[in-house]
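Here is the structure we will look at.
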Number of protein chains: 2
Amino acid sequence: MDEEKRTVRAVERALDVLLCFTGKSEWGLSEIAGKVGLHKSTVHRLLATLENRGFVIRDEGTEKYRLGFRILELSSNQSRPDDPSIVLLPEMERLRNELGETVSLYVRDRTERVRIQAVQSEQPIRRVAPVGARLPLSVGASSKVLLAFADPAVRAEAMADPAWPQALDKAAYTRQLEDIVARGYATSFEEREPGAAAVAAPIVNRSGKQVAALAVSGPSNRMAPEVMHRQAPAIVEAAKRMGALLG
Amino acid sequence: MDEEKRTVRAVERALDVLLCFTGKSEWGLSEIAGKVGLHKSTVHRLLATLENRGFVIRDEGTEKYRLGFRILELSSNQSRPDDPSIVLLPEMERLRNELGETVSLYVRDRTERVRIQAVQSEQPIRRVAPVGARLPLSVGASSKVLLAFADPAVRAEAMADPAWPQALDKAAYTRQLEDIVARGYATSFEEREPGAAAVAAPIVNRSGKQVAALAVSGPSNRMAPEVMHRQAPAIVEAAKRMGALLG
DNA sequence: TCCCTCGTTTCATTGTATGAAACCTCGTTA
DNA sequence: TAACGAGGTTTCATACAATGAAACGAGGGA
């Protein structure tokens with residue numbers, strides 16, 4: 001375990017403090033210290049530094065810490081003209097209108113996946129998909145697509161990750177991925193989320209590299225397996241068109 | 001100048017590196033080193049740390065650095081149920097529909113202001129207002145509202161800031177702020193942005209504290225001074241209703 | 001081929017991040 | 001009212017972790 005020594009401890013700790021704010025938006029100092037396992041005084045100094053640069057602010061009133069506007073600033077300037085999450089939006093809306101279900105766009109980030117864009121269904125009962133969500137790369141139709149069409153090295157890295165569910169039979173899983181490559185899309189039925197089902201297809205850019213997964217998801221009672229297979233061609237086609245838009 | 005010594009240098013530097021990514025999304029290592037004035041090897045270590053935690057990634061192909069998805073994740077989970085930028089959205093849309101111009105929501109962040117929400121006009125010629133933009137707290141209708149209805153201490157801090165434009169006559173500016181308090185709203189005509197004009201009103205929560213500024217802005221040829229004064233009552237009223245929604 | 005630029009790695013040195021402890025400042029309880 | 005406890009803040013000696021000079025490697029123009 002002589003791993004990466006070329007990293008700055010104080011910065012790592014500060015980023016860990018920042019990461020506390022995913023999921024819970026208001027933290028007290030001692031609370032954070034407990035969570036990240038550091039001394040109060042250390043966390044105090046880190047928070048002062050983060051506050052200094054506008055990455056966190058203190059709620060006047062509760063006196064607790066929350067994220068500052070620097071985060072918003074960074075995330076909004078992140079999008080470039082060729083940002084997939086912008087370029088692909090019209091096609092995603094088209095697909096949502098055609099199928100009436102929520103459409104999501106996922107990219108792989110190391111051994112997880114992140115929903116970088118979503119267009120919500122307008123039905124009264126619908127799948128709600130918040131942008132920015134970080135999900136496991138093992139279960140769910142999108143996960144399987146992201147792995148099936150990835151380099152073998154990526155696949156191996158994901159399956160070797162400590163977060164990989166040991167319960168999954170790797171041989172059977174790999175076979176499933178082969179099927180998905182052959183078929184061109186993946187489905188999942190109450191696999192990650194009870195009551196939800198999804199169909200996903202790969203988005204491959206003009207250079208032939210997979211850059212994202214396109215998923216349509218909804219309540220499982222509207223998306224029985226045969227329904228999903230009927231929807232699949234439209235999704236695969238949409239994904240193809242999207243890929244053609246990307247460098 | 002014995003200022004704050006209670007902050008962590010390495011973390012400050014890392015955050016400065018992160019802040020490079022506002023405005024320009026792709027950076028090489030040496031480029032960043034030049035910008036922040038640090039040694040290549042130091043920046044290299046900082047970037048490795050940021051990359052480790054997913055705050056930056058390296059574009060495969062260009063090999064340059066850009067923001068990672070952790071930023072998206074943080075910014076999306078930032079919104080709480082009582083987040084003004086969500087709660088006030090319906091009322092902002094109503095106002096946009098009533099006046100047909102772009103509606104923005106600003107909060108003060110130290111000696112600047114940040115656009116935390118916007119609803120775009122649907123006219124062919126329109127003011128485009130990106131969320132997350134950080135603007136000076138001196139010029140523009142929203143700036144004047146944010147200062148006019150703030151504590152005197154806040155006002156003083158902003159005007160003492162090195163970024164404050166020395167060209168502005170402070171006495172005249174202060175008098176203008178008094179007028180704005182008396183009238184209840186502010187206007188600006190090609191003040192910050194050539195060709196743009198705006199009306200802004202304060203959003204004051206139920207405790208009587210100003211929490212944001214509501215602004216309507218558009219091309220200056222559609223928003224002559226007399227037009228703005230005609231629009232003002234609707235904007236002031238909308239801002240009042242919004243304030244009533246906030247703790 | 002030779003530069004020149006850019007990124008990576010090493011390493012001695014020092015300065016700086018660290019955490020224990022003491023110190024505040026509230027709000028709560030006896 | 002006083003005593004308490006649970007936050008948060010500040011101080012300080014010490015060790016060790018961040019630093020930047022320098023050397024190295026890798027492309028890619030010229």
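All values derive from a computational prediction rather than experimental measurement. Sequence lines set the chain letters: A, B, ... in the order given, protein chains first and strands last, and positions in each chain run from 1.
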* **Rounded distance in Å - CG (L46(A)) to C1' (dG8(D))** => 15 Å
* Asked: Given dT16(C), dA18(D), dG19(C), which nucleotide is nearest the side-chain atoms of R9(B)?
  -> dT16(C)
* Asked: Atom CZ of R13(A) to atom C1' of dA18(D): distance rounded to whole Å?
  -> 13 Å
* **Spacing of L47(B) atom CG relative to dT19(D) atom P, expressed in whole Å** => 13 Å
* Asked: How far does CG of L147(A) sit from CZ of R108(A), to the nearest 0.5 angstrom?
  -> 8.0 Å
* **Trace of the salt bridge (charged side-chain N to carboxylate O under 4.0 Å, His left out) decision for R110(B) with E157(B)** => CA-CA 9 Å; R110(B) 307 199 172 237; E157(B) 186 196 354; 5.8 Å; no
* Please identify each residue that fulfils salt bridge (Lys or Arg N to Asp or Glu O under 4.0 Å) with E51(B), with sequence neighbours left out. => none
* Asked: Side-chain donor-acceptor pair under 3.5 Å between S143(A) and R113(A), yes or no?
  -> yes
* To do: Check the side chains of T7(B) and R45(A) for a donor-acceptor pair under 3.5 angstrom, ignoring hydrogens and angles.
  => no
* To do: Quick one: which residue pairs count as a ring pair (Phe, Tyr, Trp, His ring centres under 6.0 Å) with a foot in residues 131-162 of chain A, not counting sequence neighbours?
  => none
* Residue-phosphate contact under 4.0 Å: T42(B) side-chain N/O, dG20(D) OP1/OP2 -> yes
* Determine the sole option in H44(B), H39(B), K40(B) for which the side chain to side chain contact (heavy atoms under 4.5 Å, CB included) test with T42(B) is passed. => H39(B)
* **Those residues that, when tested against A118(B), pass side-chain contact (heavy atoms from CB on, under 4.5 Å) (two or more places apart)** => S104(B), R115(B), Q120(B), A129(B), V131(B)
* Asked: Within this structure, what is the CZ-to-P distance between R45(B) and dA17(C), rounded to whole angstrom?
  -> 13 Å
Using distance only, find each side-chain donor-acceptor pair of residues 174-185 of chain B under 3.5 Å and give its atom names and separation, not counting sequence neighbours.
{"from": "T174(B)", "atom 1": "OG1", "to": "K170(B)", "atom 2": "O", "distance (Å)": "2.7"}
{"from": "E178(B)", "atom 1": "OE2", "to": "R155(B)", "atom 2": "NH1", "distance (Å)": "3.2"}
{"from": "Y185(B)", "atom 1": "OH", "to": "H229(B)", "atom 2": "ND1", "distance (Å)": "2.6"}

Any protein N or O atoms within reach of nucleotides 26-30 of chain D? Criterion: under 3.5 Å, listing atom names and distances.
none

Listing time: all N or O pairs from protein to nucleotides 3-9 of chain C that are below 3.5 Å?
{"from": "dG7(C)", "atom 1": "OP1", "to": "L29(B)", "atom 2": "N", "distance (Å)": "3.0"}
{"from": "dG7(C)", "atom 1": "OP2", "to": "L29(B)", "atom 2": "N", "distance (Å)": "3.2"}
{"from": "dG7(C)", "atom 1": "OP2", "to": "S30(B)", "atom 2": "N", "distance (Å)": "2.7"}
{"from": "dG7(C)", "atom 1": "OP2", "to": "S30(B)", "atom 2": "OG", "distance (Å)": "2.8"}
{"from": "dG7(C)", "atom 1": "N7", "to": "K40(B)", "atom 2": "NZ", "distance (Å)": "2.9"}
{"from": "dG7(C)", "atom 1": "O6", "to": "K40(B)", "atom 2": "NZ", "distance (Å)": "2.8"}
{"from": "dT8(C)", "atom 1": "OP1", "to": "R58(B)", "atom 2": "NH1", "distance (Å)": "2.8"}
{"from": "dT8(C)", "atom 1": "OP2", "to": "H44(B)", "atom 2": "NE2", "distance (Å)": "2.8"}
{"from": "dT8(C)", "atom 1": "O5'", "to": "H44(B)", "atom 2": "NE2", "distance (Å)": "3.2"}

* Please state how far atom CG in L50(B) lies from atom P in dA18(D), giving the value in whole angstrom units. => 13 Å
* How many Å lie between CG on L38(A) and P on dA17(D), as a whole number? -> 13 Å
